Amino acid sequence: MRIATWNINSVRLRAGLIQRFVKEVNPDIICLQETKVVDELFPHNMLENLFEHRHVRGMKSYNGVAILSRIPFVSTDSKNWCGLNDCRHISAKLINGIEIHNFYIPAGGDEPNPKTNKKFEHKLNFLDEITEWGTKNSHPDKLKILVGDLNIAPHENDVWSHKQLQKVVSHTIIEIEKLKKLQDSQNWVDAVRYVIPYTEKLYTWWSYRSKDWRLSNRGRRLDHIWVTPNLKEKITSATVFHDARDWIKPSDHAPVFIDINI
DNA sequence: ATGGTTGGTTACCAA
């Protein structure tokens with residue numbers, strides 16, 4: 001099974017890029033974030049031939065998540081966090097027994113101070129809330145995959161400059177500690193780093209504000225794929241698909257995918 | 001220290 005995650009930054013604008021990605025990479029499942037569209041206007045017509053099973057949850061202008069799958073769903077769900085119906089989570093149970101959770105964690109604004117920056121406060125609260133949920137819902141026998149734009153680059157080799165980003169939202173100590181607690185809540189294994197060691201620099205996002213993203217390479221690893229420990233040994237590969245960052249009118253995020261022997 | 005780009009919507013906000 002090949003599963004991909006991609007912050008698409010408007011699914012209507014980039015449905016054609018998804019088609020190209022599917023042609024080149026052939027994933028069984030794609031989890032999208034920042035679809036930025038209400039469910040009625042989701043571009044099903046461009047994707048239904050590629051993925052028969054689609055679970056979408058979007059809103060106007062902001063956020064929005066989707067799970068597109070070739071493997072049928074047994075059930076689908078979604079949850080609200082921090083009392084907001086802002087379309088940052090969606091989940092699906094597949095007929096092969098795998099449960100998928102797709103998250104779009106709040107970016108958190110510019111100032112890394114929860115007292116003065118409501119967006120950063122929201123990000124921290126969001127992390128606390130899903131960690132509490134994770135702790136309550138830890139079942140060692142379940143086969144689960146958590147993916148998404150978590151908007152945190154935890155390791156020093158997940159950013160282009162650990163020193164220069166220490167006070168930049170996405171790489172602050174408080175966020176990294178909370179992400180670690182979330183990871184520990186269900187003993188999640190970072191599937192991508194299981195394959196690609198922490199000694200290697202690895203990014204999934206590069207700002208649009210760079211003339212040549214490859215040349216400057218000031219990236220961050222914001223997009224993640226985690227699996228429960230019972231799936232760890234079944235991981236056979238992990239890839240950040242850099243090519244897509246070079247396509248015409250790209251998302252600022254590259255897709256990430258893993259292969260899992262299931 | 002500052003400004004740089006993009007998308008969706010609406011003359012700005014979020015990333």
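Computed from a predicted model, the values in this text were never measured in an experiment. Lettering of chains follows the sequences in order, A, B, ..., and the numbering in each one begins at 1.
Rounded to the nearest Å, the gap between the P atom of dA14(B) and that of dT10(B) is 14 Å. Taking atom C1' in both dT9(B) and dC13(B), the straight-line distance is 9 Å, to the nearest Å. Between the C1' atoms of dA11(B) and dG7(B), the separation comes to 15 Å (whole Å). If you take atom P in dA1(B) and the same atom in dT5(B), they sit 22 Å apart, rounded to whole Å. Comparing the C1' positions of dG4(B) and dA15(B) gives an interatomic distance of 14 Å, to the nearest angstrom.
Taking atom NZ of residue K249(A) and atom C1' of nucleotide dT5(B), one finds them 10 Å apart after rounding to whole Å. Rounded to an integer number of Å, the gap from CD1 of I105(A) to P of dA15(B) is 13 Å. The distance from atom OH of Y62(A) to atom C1' of dA15(B) is 11 Å, rounded to the nearest whole Å. Regarding Q33(A), its CD atom lies at a distance of 16 Å from the C1' atom of dG7(B), rounded to whole Å. Between H253(A) atom NE2 and dT6(B) atom P the separation is 15 Å, expressed in whole Å. Atom CG in N9(A) sits about 12 Å away from atom P in dT9(B), given to the nearest Å. Per the geometry, CD belonging to E111(A) stands 15 Å off P belonging to dA15(B), to the nearest Å. Per the geometry, NZ belonging to K211(A) stands 11 Å off C1' belonging to dG3(B), to the nearest Å.
Taking side-chain N and O atoms only, R218(A) has no distance below 4.0 Å to OP1 or OP2 of dG4(B). OP1 or OP2 of dT5(B) has not a single side-chain nitrogen or oxygen of S207(A) nearer than 4.0 Å. Note on K119(A): a side-chain N or O is less than 4.0 Å away from OP1 or OP2 of dA14(B). For the OP1/OP2 pair of dT9(B) and a distance below 4.0 Å, the side-chain nitrogens and oxygens of R12(A) include at least one atom meeting the criterion.
Of the possible donor and acceptor atoms, none in the side chain of N217(A) sits under 3.5 Å from a partner among the backbone N and O of W160(A). Under a 3.5 Å cut-off, the side chain of N102(A) and the backbone N or O of L32(A) do form a donor-acceptor pair. With D28(A) contributing its side chain and R2(A) its backbone, the two residues share a donor-acceptor pair below 3.5 Å.
If R209(A) and L13(A) are placed on DNA chain B by their nearest nucleotide, the residue sitting closer to the 5' end is L13(A). With DNA chain B read from its 5' end, the first of the two nearest nucleotides for D149(A) and V11(A) is the one closest to V11(A).
Under the 6.0 Å cut-off for aromatic ring centres, W226(A) and H101(A) do not qualify, their centroids lying 6.0 Å or more apart.
Under the 6.0 Å distance and 45° angle rule, R221(A) does not count as a cation-pi partner of W205(A).
Among the protein residues, K60(A) comes within range of the sugar-phosphate backbone only, with heavy atoms under 4.0 Å from sugar or phosphate atoms but none that close to a base.
Of the candidate nucleotides dA15(B), dT9(B), dG7(B), dT9(B) has the atom nearest to the side chain of S61(A).
In this structure, dA15(B) and dT5(B) make a Watson-Crick or G-U wobble pair, each of the two defining distances being under 3.5 angstrom.
Between W81(A) and H89(A), the angle of the ring planes goes over 60°, which puts this pair in the perpendicular group of the 30/60° scheme.
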